[in-house]
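One structure below.
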Amino acid sequence: MLRTVTCGELALNNLGKEVILAGWVASRRDHGGIIFVDLRDRYGVTQVVFNPESLSPDCFQQVSSLHSEDVIQAKGKVVHRPSGTENSRIATGEIEIAASEIAILNRCPSLPFEIIEEGSVSESVRLSYRYLDLRRPGMQRNLILRHKAAVAARNFLSEQGFVEIETPLLTRSTPEGARDFLVPSRLELGKFYALPQSPQLSKQILMVAGFDRYFQLARCLRDEDLRADRQPEHTQIDLEASFVEPEDIQALVEELVNRVQQAVLDKPLDRKLFPRITYQEAIAAYGSDKPDLRIDSKIEDVTDLFAGSSFEIFRKAAAEGKRVRSLAVSQIELSNTQLKVYQEKALELGAKGLAWIKVNGAEFTSPIAKFISPEILSCLAEQNHIKQGVIFFVADEPVKASVILGIFRLQLAKEFNLISEKSLNFLWVTDFPLLKYSEEEKRLVSVHHPFTAPRPEDISFLDSEPLKVRGLAYDLVLNGTEIGGGSIRIHSSELQKKVFSVLGIPEQDFQEQFGFFLKALEYGAPPHGGLAIGFDRLIATLLGLESIREVIAFPKTQKGACLLTNAPAEIADKQLKELGLRLAIPKPT
RNA sequence: GGGGCCGUGGUGUAGCGGUUAACAUUCCUGACUGUCGAUCAGGAGAUCGCGAGUUCGAAUCUCGUCGGCCCCGCCA
């Protein structure tokens, strides 16, 4: 070993010990005679003192030439720092190393940015020199905590009898879902593998195989546009179990998340933080299928109150079967100009209009107040639990009205800083519809994926009223972000074929694309279900980070580029030829 | 595919029609034996992302382009 101790472990109980340290020069303070070097590795920082009296002139010359981030090895004795010169800000601050020898293991040129200082370096520079960026304390902490979370998840699932099984990265392309990344086959020219969007079919087949509890920290690859919380490759804690009901998976995942949080934040979850609401309730009350419950406001239905008012627009809407929905935001003040901006935004979102009432105790200010009796005004305030602030109203189809108010709910919370950043708010959203109509494709598509089981009592509606069929699906939502999604799967080949045909996929097509899977289901597939957690998102949220790039060692930019390696890159003509490919676009210069 | 913000010494910023392009830090040289973001003195380092246009004159205004970020679409 080139070292006997790390830079973070020495303390007063090591006094007098001869040690060898190795690490990076974090800083050098040259006093002409005596020279201090802060030596850093991922465990900490130790001050090494080079005194010309106890060092050969040759060695001292080398110390004088040190620069930031040079890699050195220092030999010396652990000594007590002179009284008054202790540094309480570092763990090793009571001791220092009186150096007797130094070896320079490697040099470092002047840096594009400082390693010590946190913050303000543009992200593109950070990514170009990711090895230096990762050397900084913030990224070291993020990746180490990510590792601890992964260990905690593995240990917990293993304790619960789950078996970690790897599934292929080279698999076949299937329709439905995200765009696939494709890999050309050399052995069968003209054919392609696809990289998996998730190990969905593999893990279901493992259930058929009798591995009744499977998990994997799985890479998932999707060729779609990037966002702060989306990378072309991300990691899921993917799990699946046989003979389970939704509640079994949910209880397991709650404990899993608890363990992960314990590992990352060193404090357990409050189990009361896992309410369950149905998709219908979520849309109605929050205008979203992933509501952020850190925000107090809830959307109310006030149609009945307006039904008896003389406010013609809402009364008429109510008579036509539309709903009047309201959103109250307490403790805010909005000028008429600001309100106008929201009204315009409502129109952009397709609302017929946006009404508002400013509330201040028993005082109501609004252009529509004169149409509403004082009794109804106070009922509105009471139903919306508001004493001071603003109530917004939208009259429309129920879902549309709620969705628009839901967008305002998020925007106002952000604008007025109504979200407490520290809190972690988990919930389950259940009973998603199985299917939705896609305007783009002019057919029904799955809300989750085509393998989600319909609720048994709704199966009979698959032909007659497919949009009414609910799935046995459940999403785990954290602070307004979907961090996990799962379901009970279809285990009957017949029902699976039925769902494919409801999706409008011709039998010939699904037999060709999913025939292997339908066949597997026939051979004694057990009832099964599972879930996948977006691991990057979970860690980023637990750490209070805006972007998952902060918890990924080598992320891509928004254009999908790696600034470190310059991937993606052109390939040699020879490689194309070997694969039987020819570019249909001009060669980039 | 669309909308928005940003691009000025190595790094982070200021300047927003005429400046010797400013400040901090890094870097280089020198001084200094108890510092710890060492200090002090001196110095170097920028054709203002790139291209075109407007103008007597462009870092500054306009258009295009490249790159980064945020968002919509997309992400079962």
Side-chain angles (χ1 to χ4, degrees), chain A residues 26-40 45-55 60 64 67-69 79 81-90 92-93 96 98 108-129 132-133 174-180 197-198 200-201 220-232 234 348-349 407 410-411 414 432 434-436 438-441 444-452 471 473 475 482 485 487 499 503 532 534 546-547 549 555-561 563 566:
Chain A
S27 84
R28 182 191 55 139
R29 294 178 293 281
D30 186 341
H31 287 252
I34 193 166
I35 298 174
F36 300 96
V37 168
D38 284 347
L39 197 61
R40 188 201 66 242
V45 173
T46 299
Q47 173 164 286
V48 185
V49 186
F50 295 93
N51 195 312
E53 289 154 20
S54 46
L55 224 61
F60 198 73
S64 301
H67 292 88
S68 286
E69 302 306 309
V79 299
R81 289 198 189 191
S83 166
T85 67
E86 299 89 351
N87 184 352
S88 59
R89 281 180 300 167
I90 58 174
T92 61
E96 62 192 13
C108 179
S110 63
L111 297 159
F113 52 84
E114 287 163 83
I115 306 299
I116 312 165
E117 195 188 18
E118 278 306 295
S120 60
V121 181
S122 73
E123 199 168 350
S124 57
V125 176
R126 289 177 57 199
L127 292 177
S128 303
Y129 294 91
L132 295 179
D133 188 41
T174 51
E176 306 288 305
R179 189 177 296 112
D180 285 323
Q197 300 169 28
S198 84
Q200 185 62 35
L201 291 177
C220 302
L221 300 112
R222 298 173 188 179
D223 188 6
E224 297 291 349
D225 286 359
L226 290 82
R227 288 283 191 286
D229 62 352
R230 270 161 38 190
Q231 283 276 307
H234 75 280
E348 274 172 38
L349 291 168
I407 291 168
L410 292 176
Q411 194 170 326
K414 204 172 172 191
F432 279 79
L434 190 71
L435 306 160
K436 65 184 174 195
S438 162
E439 279 299 335
E440 196 188 337
E441 300 193 41
L444 292 171
V445 296
S446 298
V447 167
H448 283 88
H449 55 58
F451 316 107
T452 304
D475 277 3
E482 182 200 325
S487 61
V499 168
L503 289 171
E546 293 293 322
S547 164
R549 294 188 299 274
K556 306 284 190 288
T557 67
Q558 198 158 51
K559 286 202 168 162
L563 296 182
N566 281 325

Out of B:rU35, B:rG1, B:rU11, whichever nucleotide has its closest atom nearest the side chain of A:Asp225: B:rG1
Whole angstrom value for the distance that separates P of B:rG68 from NZ of A:Lys556: 13 Å
Pair partner, B:rG57 [Watson-Crick or wobble, under 3.5 Å]: none
Residues, nucleotides or ligands: over 12 heavy atoms within 6.0 Å of A:Tyr129 OH: no
4.5 Å side-chain heavy-atom contact, A:Phe451 and A:Val499: no
Single hit among A:Asp475, A:Leu434, A:Thr452 for side chain to side chain contact (heavy atoms under 4.5 Å, CB included) with A:Ser487: A:Thr452
Touch class at under 4.0 angstrom, heavy-atom based, for A:Ser27 against every strand present: sugar-phosphate
Ring centroids of A:His31 and B:rG34 base under 5.5 Å with planes under 30°: no
Short side-chain to backbone donor-acceptor contact, A:Gln231 and A:Lys556, under 3.5 Å: yes
Results of salt bridge (Lys or Arg N to Asp or Glu O under 4.0 Å) for A:Glu224 - residues two or more places apart only: A:Arg179
Under 3.5 Å: donor-acceptor pair, side chain of A:Arg230, backbone of A:Asp225: yes
Phosphate contact (B:rG73 OP1 or OP2) by A:Arg179 side-chain N/O below 4.0 Å: no
Side-chain-base donor-acceptor pair under 3.5 Å for A:Glu96 and B:rG34: yes
Expected output: side-chain A:Glu96 to main-chain A:Val49 donor-acceptor under 3.5 Å: no
Nucleotide paired to B:rU47 in any strand shown, Watson-Crick or G-U, under 3.5 Å: none
Complement of B:rA31, any strand, by Watson-Crick or G-U distances under 3.5 angstrom: B:rU39
Interatomic distance where CD belongs to A:Glu439 and P belongs to B:rG73 [whole Å]: 15 Å
Whole-Å distance separating the CD1 atom of A:Ile90 from the P atom of B:rU35: 14 Å
Side-chain donor/acceptor of A:Arg549 to base of B:rC69, under 3.5 Å: no
Separation of B:rG10 C1' from A:His67 NE2 (nearest whole Å): 14 Å
Touch class at under 4.0 angstrom, heavy-atom based, for A:Asp223 against every strand present: nothing
Short side-chain N/O contact from A:His234 to OP1 or OP2 of B:rC75, under 4.0 Å: no
Pairwise P distance for B:rU47 and B:rG51, with rounding to whole Å: 12 Å
Residue mapping more 5' on RNA chain B - nearest nucleotide basis, A:Ala26 or A:Pro52: A:Pro52
Nearest-angstrom distance, P atom, B:rC36 to B:rU29: 22 Å
B:rA44 and B:rG9, which share atom name C1', separated by this distance in whole Å: 10 Å
N/O (side chain, A:Ser122) to phosphate O (OP1/OP2, B:rG12) under 4.0 Å: yes
A:Leu563, nearest nucleotide to its side chain (from B:rU33, B:rG68, B:rG37): B:rG68
Sugar-phosphate, base or nothing in reach of A:Glu86, heavy atoms under 4.0 Å: base
Nearest-angstrom distance from the residue atom CD1 of A:Ile34 to C1' of B:rU35: 8 Å
Between B:rA41 and B:rU25 - P atom distance, rounded Å: 12 Å
Donor-acceptor pair present, A:Asn87 side chain and B:rC36 base, under 3.5 Å: yes
Shortest non-hydrogen separation from A:Ala228 to A:Glu546 and the atoms involved: CB-O, 4.0 Å
Atom-pair distance (NZ on A:Lys559; C1' on B:rC70), nearest Å: 15 Å
Under-4.0 Å side-chain N/O to phosphate OP1/OP2 contact, A:Arg29 with B:rA38: yes
G-U wobble or Watson-Crick pairing nucleotide for B:rA52 (cut-off 3.5 Å, both distances): B:rU62
Nearest-Å distance once atom C1' is located in both B:rA14 and B:rA24: 11 Å
Nearest-nucleotide pick for A:Pro82, side chain only, options being B:rG12, B:rC70, B:rG34: B:rG34
Check: B:rC75 base within 3.5 Å donor-acceptor of A:Arg222 side chain: no
Closest listed nucleotide, where the reference is the side chain of A:Ser110 and the choices are B:rG68, B:rC27, B:rC36: B:rC27
Pair partner, B:rU11 [Watson-Crick or wobble, under 3.5 Å]: B:rA24
Sugar-phosphate, base or nothing in reach of A:Arg227, heavy atoms under 4.0 Å: base
Heavy-atom check, side chain of A:Thr92 versus side chain of A:Gln47, under 4.5 Å: no
Under-4.0 Å side-chain N/O to phosphate OP1/OP2 contact, A:Ser124 with B:rG67: no
Sugar-phosphate, base or nothing in reach of A:Arg28, heavy atoms under 4.0 Å: nothing
Any A:Gln558 side-chain nitrogen or oxygen under 4.0 Å from OP1 or OP2 of B:rC70: yes
Separation between the C1' atoms of B:rC6 and B:rA59, rounded to whole Å: 15 Å
Euclidean distance for C1', B:rC48 against B:rG10 (whole angstrom): 16 Å
Rounded P spacing from B:rA46 to B:rA52 in Å: 22 Å
Aromatic ring of A:Phe113 stacked on base six-ring of B:rU11, 5.5 Å, 30°: no
Sugar-phosphate only, base, or nothing, as touched by A:Thr85 at under 4.0 Å among non-hydrogen atoms: base
Nucleotide nearest A:Ala228 (side chain, heavy atoms from C-beta), chosen from B:rC71, B:rG12, B:rG10: B:rC71
Side chain of A:Thr557 - closest among B:rC69, B:rG34, B:rC75: B:rC69
Under 3.5 Å donor-acceptor pair, A:Glu114 side-chain atoms to B:rU25 base atoms: no
Spacing between A:Glu123 atom CD and B:rG7 atom P, to the nearest angstrom: 17 Å
For atom CD1 of A:Ile35 and atom P of B:rC36, their distance in whole Å: 16 Å
Closest heavy-atom pair and its distance - A:Asn51, A:Phe60: C-CE1, 4.2 Å
Sugar-phosphate only, base, or nothing, as touched by A:Val45 at under 4.0 Å among non-hydrogen atoms: nothing
